[in-house]
Q: 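After the structure tokens below, expect a handful of questions from me.
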Amino acid sequence: MKRFKFVVPIMVVVAVLSLWYLGKEYSEIPLTTRILITAGGSVVSGIISYFMLKNDVHKVDPKPAENFNKKR
């Protein structure tokens with residue numbers, strides 16, 4: 001559930017920016033098509049951010065007990 005704190009705002013930002021950009025640069029495209037493009041883009045960005053924001057806390061190697069930088 002902690003990842004959703006970041007995933008949902010990312011999806012909202014992508015949706016707002018894509019609607020603004022499509023309305024500004026591609027105003028000849030019908031509104032329903034722009035909304036579908038925006039929805040698809042925000043879903044894809046949400047899925048990507050969900051998997052990219054995994055917690056890798058348990059996969060970190062433990063700190064070595066001995067100092068290997070000693071001069072020999």
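Note that the coordinates shown come from a computational prediction; the quantities given were computed from them, not determined experimentally.
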Q: If you look only at distance, which donor and acceptor atoms sit under 3.5 Å apart when one is on a side chain in residues 21-34 and the other is two or more places apart or in another chain?
A:
| residue | atom | partner | partner atom | Å |
| --- | --- | --- | --- | --- |
| Arg34 | NE | Ile29 | O | 3.0 |
| Arg34 | NH2 | Ile29 | O | 3.3 |

Q: Are Ile35 and Val43 linked, directly or through other ILVMFWY residues, by side chains that come within less than 4.5 angstrom of each other?
A: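 Looking at the clustering, Val43 is in a separate group from Ile35.
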
Q: Is there any side chain to side chain donor-acceptor pair (under 3.5 Å) pair reaching into residues 36-50, and which pairs are they, with sequence neighbours excluded?
A: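 Passing the test, one end in residues 36-50: Arg3-Tyr50, Ser18-Thr38.
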
Q: With hydrophobic residues grouped by side-chain heavy-atom distances under 4.5 Å, do Leu36 and Leu19 end up in a single group?
A: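 Per the 4.5 Å side-chain linkage, Leu36 and Leu19 are not co-clustered.
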
Q: Under 4.5 Å side-chain heavy-atom separation, chaining through any Ile, Leu, Val, Met, Phe, Trp or Tyr, what else clusters with Leu17? Say none if it is isolated.
A: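 Val13, listed by chain and number.
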
Q: Any chance you could pull the hydrophobic cluster mates of Val44, using side-chain heavy atoms under 4.5 angstrom and chaining through other members?
A: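 When side chains under 4.5 Å apart are linked, the cluster holding Val44 also contains Ile48, Met52.
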
